[in-house]
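Heads up: the structure comes next, in structure tokens.
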Amino acid sequence: MAIAGLATVALAVTGVVLLVTSYVQPGVPTPILTIVVGALFASLWFVLPLTRRGKTPSPSSRDGDQ
């Protein structure tokens with residue numbers, strides 16, 4: 001549910017960026033800025049945590065915790 005909520009918020013904010021930039025500066029900057037914002041959300045909220053999760057050792061693999 002948390003991941004679905006984050007994805008919904010990311011899509012909503014990206015859509016707002018698309019709407020505002022198309023109103024303020026229509027043309028080439030609109031899709032570029034929207035893609036950059038969407039890529040930032042995807043990388044910081046989904047890709048980075050998944051890569052860090054794979055690198056941290058699990059509690060069961062630590063020595064001396066028995």
Side-chain angles (χ1 to χ4, degrees):
M1 294 300 273
I3 292 173
L6 283 174
T8 304
V9 170
L11 284 173
V13 172
T14 304
V16 168
V17 168
L18 174 65
L19 179 68
V20 170
T21 55
S22 67
Y23 181 75
V24 173
Q25 184 68 35
V28 176
T30 299
I32 292 173
L33 188 59
T34 303
I35 290 170
V36 167
V37 168
L40 279 172
F41 274 120
S43 64
L44 292 176
W45 282 9
F46 300 108
V47 175
L48 183 67
L50 288 174
T51 57
R52 288 185 55 124
R53 183 177 184 179
K55 292 180 182 178
T56 58
S58 64
S60 63
S61 66
R62 294 182 187 163
D63 293 330
D65 284 345
Q66 297 178 17

Please find the pair of heavy atoms, one from [X] and one from [Y], that lie closest to each other, and give the distance.
X	Y	result
Ser22	Pro26	O-CB, 3.5 Å
Thr14	Ala10	OG1-O, 2.7 Å
Ala4	Thr8	O-OG1, 2.8 Å

Among Leu18, Val17, Val16, exactly one meets side chain to side chain contact (heavy atoms under 4.5 Å, CB included) together with Val20. Which residue is that?
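Of Leu18, Val17, Val16, side chain to side chain contact (heavy atoms under 4.5 Å, CB included) with Val20 is met by Val16 alone.
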
Got a list of side-chain donor-acceptor pairs under 3.5 Å for residues 33-49, not counting sequence neighbours?
| from | atom 1 | to | atom 2 | distance (Å) |
| --- | --- | --- | --- | --- |
| Thr34 | OG1 | Thr30 | O | 2.7 |
| Ser43 | OG | Ala39 | O | 3.0 |
| Ser43 | OG | Leu40 | O | 3.2 |

